[in-house]
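As structure tokens, the structure follows; a few thoughts come after it.
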There are 2 protein chains.
Amino acid sequence: MFTRRMTKQRQVVLEELKKLTSHPTAEELHQIVRHRLPGISIATVYRNLEILCEEGNAQKIDVAGTRRRFDGDTSTHYHVRCARCGRVEDLPIDPFPQIEETARKNCKHRVLTHRVEVVGICPDCEHLERDALTF
Amino acid sequence: MFTRRMTKQRQVVLEELKKLTSHPTAEELHQIVRHRLPGISIATVYRNLEILCEEGNAQKIDVAGTRRRFDGDTSTHYHVRCARCGRVEDLPIDPFPQIEETARKNCKHRVLTHRVEVVGICPDCEHLERDALTF
DNA sequence: ATACGTGCAAACCGTTTGCTAAGGG
DNA sequence: CCCTTAGCAAACGGTTTGCACGTAT
């Protein structure tokens, strides 16, 4: 069988992800983890994030064409993404159970979960654009 | 200024996308368009899909998948995605205006749009999995 | 002692881009 | 005619993988 080992690298990746609320990309998390483990490779970060998600200790925030982000908060919650810089924040709104209920009623899928994402331009990027236009 | 030209390629890409309700990837659409234009390249399909989206004649379905999918239906509507095969279908449920309203109230973003996606396993994949497990 | 995990670099894969030729307006 | 667009192939960027060594159990 398969015995999972708690290596230093895995532990630090998990700990640092759980500390963050910034929905980091693998690369961002890699930079952070390097403060504690300078030699850790990006591949190891990816592999451990994958394992974390498998185990249900984290989740991927996947948008095609952008960098994948990871979230140490596995409760059901929604996100706001900046269309320009890609940063993701939590959206303070209660989940709508109707979404999965409707899906169960009307689709033949075995429903697993649902995702809601608001897309907008964050204040920082708004200012940048204004500057760029005004120049 | 900039004058957009209606080439044969652009026209066929648009026409074929509008015919479909299957939310194809660029590659899938490329295969279909090739029946009418055997020499068309995947780059041309990508470029024209990008233009279609800019013009508001199509939209990208970018939530939770590796491959980007495109939708010729630009009205606000939600999707169900199979976590196994990646296929996307429309979800017959009325949009929730509260989602964007809440975002406008509680975030400082300039809200542009929102996306809702139910993730599940489609019947086909369910059977495949069962077969695989039973075999 | 025995695999599982790591670091490294190369492979991968969907998407984008630079270039040159073609053709729409 | 001019300038956008197409086709081709190479580049790109994030993610994954093969390999040999290291290390937790």
*What is the distance, rounded to the nearest whole Å, between atom CE of A/Met6 and atom C1' of D/dT25?*
13 Å
*Between A/Arg69 and A/Glu28, does at least one N-O distance fall below 4.0 Å, as a salt bridge requires?*
yes
_Can you see if the side chain of B/Thr44 gets near the phosphate of D/dG7 - specifically, an N or O under 4.0 Å from OP1 or OP2?_
yes
*If you group Ile, Leu, Val, Met, Phe, Trp and Tyr whenever their side-chain heavy atoms sit less than 4.5 Å apart, what else falls in with A/Val88?*
A/Ile61
*Take the protein atom NZ of B/Lys8 and the nucleotide atom C1' of D/dG7, then report the distance between them rounded to whole Å.*
18 Å
*asked:* Return whichever of B/Ala26 or A/Gln9 has its heavy-atom-nearest nucleotide of DNA chain C closer to the 5' end.
replied: A/Gln9
*Salt bridge check: are A/Arg104 and A/Glu100 linked by an N-O gap of less than 4.0 Å?*
yes
_Without decimals, in angstroms, what is the distance between A/Asn48 CG and D/dT16 P?_
13 Å
*Starting at CZ of B/Arg10 and ending at C1' of D/dA6, how long is that distance when rounded to a whole Å?*
10 Å
*Counting heavy atoms from C-beta on, name the nucleotide in D/dT5, C/dG7, D/dA24 closest to the side chain of A/Thr7.*
D/dA24
*Can you give one letter per nucleotide of nucleotides 16-22 of chain C, 5' to 3': B if a protein heavy atom sits under 4.0 Å from the base, S if only from the sugar-phosphate, - if neither?*
BBB----
*For A/His30, side-chain hydrogen bond (donor to acceptor under 3.5 Å, both in side chains) partners two or more places apart*: none
*Give, for atom CG of B/Asn48 and atom OG1 of B/Thr7, the distance between the pair rounded to the nearest 0.5 Å.*
5.5 Å
*Can you list the residues that meet the side-chain hydrogen bond (donor to acceptor under 3.5 Å, both in side chains) rule with B/Lys60, with sequence neighbours excluded?*
B/Glu50
*asked:* Could you tell me how far apart A/Arg4 (CZ) and C/dT6 (C1') are, to the nearest whole angstrom?
replied: 15 Å
_Those residues that, when tested against A/Lys19, pass salt bridge (Lys or Arg N to Asp or Glu O under 4.0 Å) (two or more places apart)_ = A/Glu16
*Looking at residues 27-39 of chain B, who's got a heavy atom less than 4.0 Å off DNA chain D?*
B/Gly39
_Restricting to non-hydrogen atoms, name the atom on B/Ile99 and the atom on B/Val116 that form the minimum distance, rounded to 0.1 Å._
CD1-CG2, 4.1 Å
*Atom CD of A/Glu54 to atom C1' of C/dC4: distance rounded to whole Å?*
14 Å
*Verify whether one side chain among A/Asp73 and A/His23 offers a donor that lies under 3.5 Å from an acceptor in the other.*
no
